[in-house]
Student: 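Before we start, here is the structure in question, set down as structure tokens.
Everything quoted here is computed from the prediction, not taken from an experiment. Computed from heavy atoms alone, side chains included, the values below leave out hydrogens, waters and symmetry copies.
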Amino acid sequence: MEARIVSKHVAESIFDEQRVTHHIDTKIAERITEADSVDWQFIRTLTVSTTIDLAAETQQLLKRLKGFRLELENALQEKRQNPDYADIDLDAFFLGDLD
């Protein structure tokens with residue numbers, strides 16, 4: 001979500017808020033797929049002054065994923081050959097007080 005807020009902010013800085021809103025409304029009206037339309041509707045609701053606490057949001061996500069650790073470990077194991085995933089340590093995320 002943070003990337004979308006930043007992207008919308010940049011677009012509004014370059015073009016202006018009204019033009020960006022018009023573009024979003026056009027994308028919603030095009031309705032290529034229902035999911036695409038819903039996505040653009042979500043982007044329309046974002047306020048560029050909104051701030052995100054990435055650390056707190058990540059902790060909330062990890063609380064919800066705690067019961068899926070085995071599945072995450074298995075998925076991560078499949079990606080280990082990719083250097084982007086090589087140093088991910090789920091222990092660092094799941095050990096400690098997440099409650």
Student: Rounded to the nearest 0.5 Å, what separation is found between the CD1 atom of Ile28 and the CD1 atom of Ile24?
Tutor: 7.0 Å
Student: Would Arg69 and Asp91 count as a side-chain contact (heavy atoms from CB on, under 4.5 Å) if you check the C-alpha gap in whole Å, the side-chain angles of each, and the deciding distance to 0.1 Å?
Tutor: CA-CA 10 Å; Arg69 180 169 179 162; Asp91 285 341; 2.3 Å; yes
Student: Are Val48 and Val20 linked, directly or through other ILVMFWY residues, by side chains that come within less than 4.5 angstrom of each other?
Tutor: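 Each belongs to a different hydrophobic cluster.
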Student: Quick one: NZ on Lys79 to CG on Asp84, what's the gap to the nearest 0.5 Å?
Tutor: 10.5 Å
Student: Would you call Asp25-Arg44 a salt bridge at under 4.0 Å N-O?
Tutor: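 Salt bridge: yes.
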Student: Once you round to the nearest 0.5 Å, how far does NE2 of His23 lie from CD1 of Ile43?
Tutor: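 CD1 of Ile43 is found 8.5 Å from NE2 of His23.
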Student: Which atom names give the shortest non-hydrogen contact between Arg80 and Ala86, and what distance separates them?
Tutor: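 Shortest heavy-atom separation between Arg80 and Ala86 comes out as NH1-O, 3.4 Å.
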Student: For the CD atom on Gln18, are there more than 12 heavy atoms of other groups (residues, nucleotides or ligands in this structure) within a distance under 6.0 Å?
Tutor: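 Count not over threshold, so no.
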Student: Working to the nearest 0.5 angstrom, can you tell me the gap between His9 NE2 and Ile14 CD1?
Tutor: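 Here the interatomic distance stands at 10.0 Å.
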Student: State the CG-CD distance between Leu76 and Glu71, to the nearest 0.5 angstrom.
Tutor: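 So the gap between those two atoms works out to 13.0 Å.
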Student: For Glu30 and Trp40, what are the C-alpha separation, side-chain angles and deciding distance, and is it a side-chain contact (heavy atoms from CB on, under 4.5 Å)?
Tutor: CA-CA 10 Å; Glu30 285 175 356; Trp40 282 108; over 6 Å; no
Student: Rounded to the nearest 0.5 Å, how far does CG of Leu65 lie from CG of Leu90?
Tutor: 10.0 Å
Student: Same cluster or not: Leu61 versus Ile88, using hydrophobic residues (I, L, V, M, F, W, Y) connected whenever any side-chain heavy atoms lie under 4.5 Å apart?
Tutor: yes
Student: Using the salt bridge (charged side-chain N to carboxylate O under 4.0 Å, His left out) rule, collect all pairs that involve residues 11-23, keeping only residues at least two apart or in two chains.
Tutor: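 Found none.
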